Trainee: 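Just dropping this structure here.
Atoms within each ligand, like the ligands themselves, are counted from 1 in listed order. Note that the structure is predicted; figures quoted are calculated from it, not measured.
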Amino acid sequence: MAVPKDVVWPRDPHTAAKHDLLKRYLSAWAPILLSRHDVITYAEGFSGPGIYTHGEPGSPVIAYDVFAGALHRYPKRLRMFLMEEDKRRVEELRNRLALAQARHSNHLHRRLTVDIREGDFHPVLLHSLRATGSLGKPLFVLLDSYGGPDIPYATLQVLAQQPSTEVMVTFAPSFLTRFAEKNDDQRQRGDAAFGGQEWQTVFTKPKADKFPFLREQYRSALHRAGFSHTLHFEMVDEGGRVLYLIFGTSHDKGLEKMKDAMWGVDRSHGVRYRDPRDPHQQQLDLELEPDTAPLCRILLDQVTSSPTGRTVAELQKFTLLETVYRPAQVIKLIRQMRDSKVVATEPTGVNTKTRVLHPASLSSRNTMVAEQDALW
Ligand SMILES: C[S@@+](CC[C@H](N)C(=O)[O-])C[C@H]1O[C@@H](n2cnc3c(N)ncnc32)[C@H](O)[C@@H]1O
C-alpha cells in the first residue's frame, strides 16, 4: 500500500495482524513488569492518528486500553510517551486518547500518564526518555514507521544497552532492494540503519534470497547493538508485499511471551511467516494449532548433529532461543517423532531429562554395550 497522505487511512490486514500481536504481547508484558516495578514506560516513535477509517483503534489507543486494564490490578504507574511528526495526526491522536481516558477514572489518569509530542522522533524520543528517567527502567519502544528503514542504528544501540528495554521495529526490505543499489543517498540510509555496509551484499544475491538476507542482516544489527534475542514476524499482504516486525529483547521471558503472542495471532488476518532455520523454508499460515513440520526438521537436525544426541531440555532451550517455535511444543513433537521412529529416546518416556538420539546412534550404542558386556 502507498504511504497514506490523509490524516487517517484504512487499516490493512498487515496492520490488523500487527495490532493483534501488540495487544497480545503488551497484555503479558505490562502485568509481569508492573508486578515487579513501581513505574514502567511505553514509547512510540511513529504513533499515527490513533484511529483508522472505519473506527478501528490505532496502536497508542490499543496500548492505552491494555495498560488501563493492567493498572486496575496493580497500584503502580505507567508512562506513555508518543511521537508523531504530522501535525494533523497529532491533533487526532490527542482526541483519540482523550476519549480513551474518558472511559477511566481520574485516579487512573494520575497513574497512566500520556505525553504526546509533535515532531521527528529522532533525536527527541531518546532525549525525552532520558530526561524523564525512563531509560534504564522497564521500557517497551515501538518504532512502527512505514518500514523505512528509518531508525538510526545508534538509537537502537542506546536502547539495547539499557537493562530492561525491548524494541519492536517495522522493516520493509523492498525499499533497499529497489532503490539503494544505484542511489548513494539511499545506500547511506541503509548504512545508517544497519550500522555498517555488510547489508549491501544483498545486491549480489539471487532475487529469492534478497528479503530473507536483509531480514537476517537487520536481526544481526539488533544483536550487535546489544539485544541478546531477536525474533521476526513476517507479514505478506495480498499484493505480496513483505513487511517484517523485528523484536529485540535481552530477556528469555520477553522472548517466550513474544512467541506466545506470535503464535496466537488470529490467522484470519492472512499473516504468514517462515523459520529461517527450516531447510525447506516452508511458508506457513499462522494457525492456532500450528504446523510443526518445520520444527520437526529443525529438531532432527539438532539431534543428528551430535553423536550423543540432545536432552529434551536442551532442545527446548534451542527452540526458545533459535527458532520461531515455543518450548511448549517440543515434548509433544518428540513423542510423535519417537513413535514414528524418526528419533530414539533414552529412556523411552519423554520428559525434560530424556535424551533424544538418531535411531542409528542408539542401536550402535546398544551394540557397543552388548559387546562390552560380552567381553566382561
Ligand atoms: C505506520 S504509521 C503508524 C501507525 C501506528 N503505529 C498504528 O499502528 O496505529 C507511521 C506514522 O509515522 C509518522 N511518521 C513518519 N515519519 C516520522 C518521523 N520521522 N517521526 C515521527 N513520526 C513519523 C507518520 O505520519 C505516520 O502517522
Trainee: Quick one: are I51 and E92 in side-chain contact, heavy atoms under 4.5 Å?
Mentor: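 In contact.
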Trainee: Would you tell me whether R117 and S128 have side-chain atoms, one donor and one acceptor, within less than 3.5 Å of each other?
Mentor: yes
Trainee: Y25 and E166: side-chain donor and acceptor closer than 3.5 Å?
Mentor: yes
Trainee: With heavy-atom distances below 4.0 Å as the criterion, list the atoms of ligand 1 near S47.
Mentor: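 Those of ligand 1 that fall under 4.0 Å from S47 are 5 (C), 6 (N).
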Trainee: Could you pull out, from E118, E92, H19, the option with a heavy atom nearest to atom 8 (O) of ligand 1?
Mentor: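 Comparing heavy atoms across E118, E92, H19, the nearest one to atom 8 (O) of ligand 1 lies in H19.
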Trainee: Would you mind listing which atoms of ligand 1 come within a distance below 4.0 Å of any non-hydrogen atom of E44?
Mentor: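 By the 4.0 Å cutoff, the relevant atoms are 6 (N).
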Trainee: With the side chain counted from C-beta on, respond yes when F247 and T230 share a heavy-atom pair under 4.5 Å apart, and no when they do not.
Mentor: no
Trainee: Near G119, which atoms of ligand 1 are under 4.0 Å from a heavy atom of that residue?
Mentor: 20 (N), 21 (C)
Trainee: Under 3.5 Å, N or O to N or O, is W9 touching ligand 1 that way?
Mentor: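 No.
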Trainee: Please tell me if the side chains of T170 and Y244 come closer than 4.5 Å, counting only heavy atoms from C-beta onward.
Mentor: no
Trainee: Would you say ligand 1 has an N or O under 3.5 Å from any N or O of P49?
Mentor: no
Trainee: Is there at least one pair of N or O atoms, one from E85 and one from ligand 1, spaced under 3.5 Å apart?
Mentor: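 Right, the criterion is met.
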Trainee: Among protein heavy atoms, which sits nearest to atom 21 (C) of ligand 1, and what does the distance come to when rounded to 0.1 Å?
Mentor: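 The answer is G45 O, 3.2 Å.
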Trainee: Is any side-chain heavy atom of Y52 closer than 4.5 Å to one of V8?
Mentor: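 Answer no - side chains too far apart.
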Trainee: Side chain or backbone of H122 under 4.0 Å from ligand 1, or both, or neither, by non-hydrogen atoms?
Mentor: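 It is neither; nothing of H122 touches ligand 1.
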Trainee: Return the residue, atom name and 0.1 Å-rounded distance of the protein heavy atom closest to atom 20 (N) of ligand 1.
Mentor: F121 N, 3.0 Å
Trainee: Please report whether ligand 1 has a polar contact with S145, defined as an N or O pair separated by less than 3.5 Å (distance criterion only).
Mentor: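 It does not: no N or O of S145 is found under 3.5 Å from an N or O of ligand 1.
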Trainee: For atom 4 (C) of ligand 1, find the nearest protein heavy atom and state the residue, atom name and distance (0.1 Å precision).
Mentor: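 Scanning the protein heavy atoms, the shortest distance from atom 4 (C) of ligand 1 goes to D144 OD2, 3.5 Å.
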Trainee: For residues T311 and K353, determine if any side-chain heavy atom of one lies less than 4.5 Å from a side-chain heavy atom of the other.
Mentor: no
Trainee: Is a side-chain donor or acceptor of K259 paired with a backbone partner of L320 at a separation under 3.5 angstrom?
Mentor: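 Pair found, side chain donor or acceptor close to backbone of L320.
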Trainee: Determine whether the side chains of S134 and R79 contain a donor N or O and an acceptor N or O closer than 3.5 Å.
Mentor: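 Yes, a side-chain donor-acceptor pair sits under 3.5 Å.
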Trainee: Side chains of T354 and E346: is there a donor and an acceptor less than 3.5 Å apart?
Mentor: no
Trainee: Give the numbers and elements of all ligand 1 atoms closer than 4.0 Å to a heavy atom of K18.
Mentor: 8 (O)
Trainee: Look at ligand 1 and say whether P4 reaches it with a heavy atom at a distance under 4.0 Å.
Mentor: no
Trainee: Donor-acceptor check, side chain of R310 to backbone of Q302, threshold 3.5 angstrom: yes or no?
Mentor: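 Present.
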Trainee: Nearest protein heavy atom to atom 9 (O) of ligand 1, by residue and atom, and its distance?
Mentor: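 Result: Y52 OH, 2.8 Å.
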Trainee: With respect to F46, determine whether any N or O atom, backbone or side chain, lies less than 3.5 Å from an N or O atom of ligand 1.
Mentor: yes
Trainee: Below 4.0 angstrom from a heavy atom of G48, which ligand 1 atoms are there? Numbered from 1 as shown, please.
Mentor: 27 (O)
Trainee: Enumerate the atoms of ligand 1 whose separation from the nearest heavy atom of G58 is less than 4.0 angstrom.
Mentor: 9 (O)
Trainee: How far is atom 27 (O) of ligand 1 from its nearest protein heavy atom, and which residue and atom name does that atom have?
Mentor: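 Minimum-distance protein heavy atom for atom 27 (O) of ligand 1 reads E84 OE1, 2.8 Å.
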Trainee: Between L97 and L82, is any pair of side-chain heavy atoms under 4.5 Å apart?
Mentor: yes
Trainee: Salt-bridged, D38 to R77, with N to O below 4.0 Å?
Mentor: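 Salt bridge between D38 and R77, a charged N being under 4.0 Å from a carboxylate O: no.
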Trainee: With backbone taken as N, CA, C and O and side chain as the heavy atoms from C-beta onward, which portion of R89 lies under 4.0 Å from ligand 1: side chain, backbone, both, or neither?
Mentor: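 Contact part for R89 vs ligand 1: side chain (C-beta onward).
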Trainee: Just to confirm my output: which protein heavy-atom neighbour is closest to atom 19 (N) of ligand 1, and how far is it?
Mentor: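 Looking at atom 19 (N) of ligand 1, the protein heavy atom closest to it is D120 OD1, 3.0 Å.
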